[in-house]
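Owing to the predicted nature of the structure, the values given are computational and were not obtained by experimental measurement.
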Amino acid sequence: QVQLVESGGGLVQSGGSLMLSCAASGRTFSTNAMGWFRQAPGKERELVAVISWSGAYTKYADSVKGRFTISRDNAKNTLYLQMNSLRPEDTAPYYCAASRYGTTALAINEYEYWGQGTQVTVSS
């Protein structure tokens, strides 16, 4: 059974940092692009960051550029999201996802596997 399990969420003050992890099991995703999404209440799920299978290509939402860093360790089948300078508007559940494609995937329907999410709450 394929599973993506996120961890590392929590409550942090504005300006603080968190590091999210996403551990995959059941199959390897070393040839798949992977991404982090978030969905604030009343809003659509949005792509926060995506990374290619090798880690050579990354892309970020404009709202998190310069603050968030996506990375991966294929040997550990794990995806990461380092979040710095957090703002209250970053509050949302964060989901990791594995794409059908290797290089990049920017649309939600390009993602095949999803985790259950980890809540990030930033207080002002």
Nearest heavy-atom neighbours spanning [X] and [Y]:
X    : Y   : result
A105 : A33 : N-CB, 4.4 Å
T104 : V50 : OG1-CG1, 4.0 Å
L81  : V48 : CD2-CG1, 4.4 Å
A56  : S52 : N-OG, 3.3 Å

If the condition is salt bridge (charged side-chain N to carboxylate O under 4.0 Å, His left out), which residues does [X] pass it with, not counting sequence neighbours?
X   : value
K43 : none
E89 : none
R67 : D90

Give a yes-or-no answer on whether the side chains of R27 and N32 include a donor-acceptor pair shorter than 3.5 Å. yes
Hey, what do you get for [atom1] ([X]) to [atom2] ([Y]), rounding to the nearest 0.5 Å?
X   : Y    : atom1 : atom2 : result
L47 : W36  : CG    : CH2   : 12.5 Å
Y60 : I51  : OH    : CD1   : 7.0 Å
R38 : T118 : CZ    : OG1   : 14.0 Å

Specify whether W114 and F37 have parallel, tilted or perpendicular ring planes, treating 30° as the upper limit for parallel and 60° as the lower limit for perpendicular. tilted
In terms of hydrophobic clusters joined by side-chain contacts under 4.5 Å, are V122 and M83 together?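 Linked, V122 and M83 end up in one cluster.
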Give a yes or no on whether I108 and L106 share a hydrophobic cluster (residues Ile, Leu, Val, Met, Phe, Trp, Tyr; joining criterion: side-chain heavy atoms under 4.5 Å apart). yes
Which hydrophobic side chains are connected to V5, either touching it within the sub-4.5 Å cutoff or through other members that do?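 Besides V5, the hydrophobic cluster comprises nothing; the residue is isolated.
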Other than Y101, what residues sit in its cluster of Ile, Leu, Val, Met, Phe, Trp and Tyr side chains whose heavy atoms are under 4.5 Å apart, directly or through others? none
With sequence neighbours left out, what residues match [X] under side-chain hydrogen bond (donor to acceptor under 3.5 Å, both in side chains)?
X    : answer
Y111 : none
D73  : none
Q119 : T121
Q116 : none

Whether the side chain of S99 engages the backbone of E110 through a donor-acceptor N/O pair (distance < 3.5 Å, no angle test) should be reported. yes
For residues 1-26, which residue pairs qualify under side-chain hydrogen bond (donor to acceptor under 3.5 Å, both in side chains), counting only residues two or more places apart or in two chains?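 The answer is S17-N84.
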Could you tell me if the side chain of F68 sits less than 4.5 Å from the side chain of L20, heavy atoms only?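 No. Closest side-chain heavy atoms not under 4.5 Å.
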Residue pairs passing the disulfide (SG to SG under 2.5 Å) test with at least one member in residues 22-123, sequence neighbours excluded, are C22-C96
Side chain to side chain donor-acceptor pair (under 3.5 Å) between R72 and T58, intermediate numbers included: CA-CA 11 Å; R72 65 190 298 165; T58 58; over 6 Å; no
Mind checking what makes side chain to side chain contact (heavy atoms under 4.5 Å, CB included) contact with A98, not counting sequence neighbours? L4, F29, M34, Y113
